[in-house]
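All heavy atoms count here, side chains included; hydrogens, waters and symmetry mates do not. In listed order, ligands and their atoms are each counted from 1. Just so it is clear, the structure is predicted and the values come from calculations on it, not from any experiment.
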Amino acid sequence: MKVNDEIELYIEKFTSSAQGIAHHNGQVIFVKDACPKDKVLAKITNIRKNFANAEIIDIIESSPHRVVPFCPMYKHCGACSMQFVDYDYQLELKSQIVKDALYSIGQIDFDVPQTEPSPQIKNYRHKIQYPVSQKKVSKRPIIGYYMPNSHSAVDIKHCPIQPEICDKIIDFIRENAERYDMEGYDEKSHSGLLRHVILRVSNKNSSLLLGLVINSKVITENLRRFADDVMQNFPDIKGVCVNFNTQKTNLILGVETICIKGQDYVEDELCSNIFKIGLDTFFQVNPQTAQNLFGYVKEYIKRNFTSPTVLDAYAGIASIGMCVSDLAKNVTSVELIKASCNKAKDGLELNNIKNLTVINEDTAEFIKNTPEKFDIIITDPPKKGSTAEVLDGFLKCCKKEIIYVSCNPATLARDLRYLINKGCKLKSIKPFDMFCHTNHVETVAIIEV
Ligand code: SAH
């Protein structure tokens, strides 16, 4: 087999990066945009030692699970890599992705149930972060996602996975940017003003917070006038914040954010608790699935524990901690980012919760030094998962069970293997569809220590 060979392939499976897997003469081939059960004519694009890559030239027999993507920008955008697969089958594939990760990375052979569907599969995304670049001649902003595997952005006029009003606000910014001297940002020359547009939309009501990330350290009169204008045109926008990011960096947000009009948060609700969501506050992007996931964790605790002590590690604004606080004797929520801790403290007051303590500390430091023991540790780390040091700390401090909420099956599998090697037992696994139409999946693992 060599590059440019055209061969017929049957797609057997799906990878965690949303590619089809086929075999040819014993060789593994990853096929772009292929759906399991497709029979395709594919061209080999790249050959490595243990695998090859290919792209589809023709679909000979279409998988029964192939559908026409509902988004007109599907090919150009790259965010919803599974939109060409019917929704029920997406859920099946996500369970398979978790099962495969557990097996291949963690050497754990475990039955993974069907992924819990998202209550809403369109307009579900409540955080929008569009990079802004500039048109070559007019320097008008291009506002939209990056094209697949590239750093050039496409103007996105309509995105069906976010609340409809977002399209209208983004369009307003595009149309009026020039009037307020908001040139789009040019990465190469590090010039232009507007780097990112962020929208935080409340799932509870239709209110929004608009964020403008700018390549400057000053708020011009024009920016203030723009804020007046956009809020007058969209009364659902409750505040406009500006974040200063003058660094040459891929990080979206700089250190400082100030509110130039209205309030610096929107209120949202999870498990009957109200939260204040700021521009840089972590809040689950799909609040309805988050509600299901938290409800599942809560129900589990209710059935299996009486008044437990709980550690809520990687707590964000302590949304999980608050959700289970009425069942717990007490909850300790540990979070690295001070702004999130402050928002968590606001939440305690808003929801009249008295048995939860917010600690602004690195989980590793906290767990190393705390003399306390907890019946349950709920841990919800970022994609990179935990470290051996943190997991050892959990084992030292956890009396009964660890509830591991993960957004990355690969690091979950690695961490579970570590815990199993230390004598823990995996009791259950449940995936949730937090990010519909993408290849990402959120999983809850319950572990007995
Ligand atoms: N459980 C929360 C947030 C989960 S996201 C929720 O469901 O809303 C992960 C959180 O971990 C983020 O808020 C991030 O700021 C925090 N974090 C990342 N590294 C950390 C560390 N080393 N120690 C404590 N918190 C950390």
Side-chain angles (χ1 to χ4, degrees), residues 125-127 129 200 202-204 251-253 255 257 265-271 273-298 301 310-325 328 331-348 351 353 356-370 374 376-394 397 402-408 411-412 415 430 432 434-435 440-445:
R125 223 193 128 86
H126 286 258
K127 177 184 183 182
Q129 278 183 162
R200 306 299 302 257
S202 171
N203 180 49
K204 172 177 175 263
L251 291 179
I252 295 176
L253 289 174
V255 181
T257 300
Y265 63 90
V266 280
E267 276 189 5
D268 214 332
E269 193 176 307
L270 268 183
C271 304
N273 291 314
I274 309 280
F275 294 95
K276 285 185 175 178
I277 316 297
L279 202 63
D280 51 0
T281 311
F282 179 90
F283 195 69
Q284 304 282 355
V285 291
N286 180 344
Q288 297 193 19
T289 288
Q291 173 108 353
N292 282 348
L293 187 155
F294 291 6
Y296 168 85
V297 170
K298 186 164 186 173
I301 294 178
V310 178
L311 172 67
D312 168 27
Y314 306 93
I317 51 171
S319 46
I320 303 185
M322 284 190 217
C323 175
V324 303
S325 63
V331 180
T332 306
S333 293
V334 179
E335 163 62 40
L336 187 63
I337 307 289
K338 189 152 198 258
S340 294
C341 290
N342 290 340
K343 291 278 185 304
K345 287 175 189 161
D346 289 347
L348 294 181
N351 302 302
I353 293 171
L356 190 151
T357 311
V358 178
I359 296 183
N360 180 202
E361 201 176 358
D362 176 12
T363 299
E365 281 304 304
F366 170 83
I367 206 77
K368 196 166 73 189
N369 299 323
T370 182
F374 303 91
I376 303 169
I377 293 181
I378 302 174
T379 179
D380 185 6
K383 267 189 191 160
K384 63 178 189 231
S386 268
T387 58
E389 187 193 6
V390 169
L391 295 173
D392 285 337
F394 287 169
C397 298
I402 298 173
I403 301 180
Y404 192 139
V405 181
S406 158
C407 58
N408 183 347
T411 52
L412 173 67
D415 292 348
K430 177 79 183 160
F432 288 82
M434 190 72 84
F435 319 98
H440 301 286
V441 54
E442 191 88 3
T443 309
V444 179

Note to self: For atom 7 (O) of ligand 1, what is the closest protein heavy atom, and at what distance to 0.1 Å?
What the structure shows: Gln284 NE2, 2.7 Å
Notebook entry, point to check: Starting from atom 24 (C) of ligand 1, which protein heavy atom do you reach first, and at what distance in Å?
Noted result: Thr363 OG1, 3.1 Å
Item checked: Pairwise side-chain contact, Phe394 with Thr363, heavy-atom cut-off 4.5 Å (strictly under) -> yes
Item checked: For atom 21 (C) of ligand 1, closest protein heavy-atom neighbour -> Asp362 OD1, 3.5 Å
Notebook entry, point to check: Nearest to atom 8 (O) of ligand 1 by heavy atom, Ser319, Ala290, Ala339: which?
Noted result: Ser319
Notebook entry, point to check: Should Leu336 be counted as touching ligand 1, given the test is an N or O pair under 3.5 Å?
Noted result: yes
Check: Quick check: does any side chain N or O of Asn360 sit under 3.5 Å from a backbone N or O of Leu336, one acting as donor and the other as acceptor?
Finding: yes
Notebook entry, point to check: Can you tell me if Phe294 has a non-hydrogen atom under 4.0 Å from ligand 1?
Noted result: yes
Check: In terms of ring plane angle, is the pair Phe283 and Phe275 parallel, tilted or perpendicular, where the classes change at 30° and 60°?
Finding: tilted
Next item on the list: Give the residue and atom name of whichever protein heavy atom lies nearest to atom 13 (O) of ligand 1, and the separation in Å to one decimal.
Entry: Glu335 OE1, 2.8 Å
Checklist line | Distance from atom 2 (C) of ligand 1 to nearest protein heavy atom, with residue and atom | finding: Ala315 O, 3.2 Å
Checklist line | Protein residue, atom and distance nearest to atom 18 (C) of ligand 1, heavy-atom basis | finding: Pro382 CG, 3.5 Å
Check: Which of these, Val405, Leu293, Asp380, has its nearest heavy atom closest to atom 4 (C) of ligand 1?
Finding: Asp380
Next item on the list: Would you mind running through ligand 1 and noting each atom that sits below 4.0 Å from a heavy atom of Ile337?
Entry: 15 (O)
Notebook entry, point to check: What protein heavy atom is closest to atom 11 (O) of ligand 1, reported as residue, atom name and distance in Å?
Noted result: Tyr314 CB, 3.4 Å
Note to self: Taking 4.0 angstrom as the limit and counting only heavy atoms of Glu361, give me the atoms of ligand 1 inside it, by number and element.
What the structure shows: 23 (N), 24 (C)
Margin query: For Glu365, state whether at least one heavy atom is located under 4.0 Å from any atom of ligand 1.
Written below: no
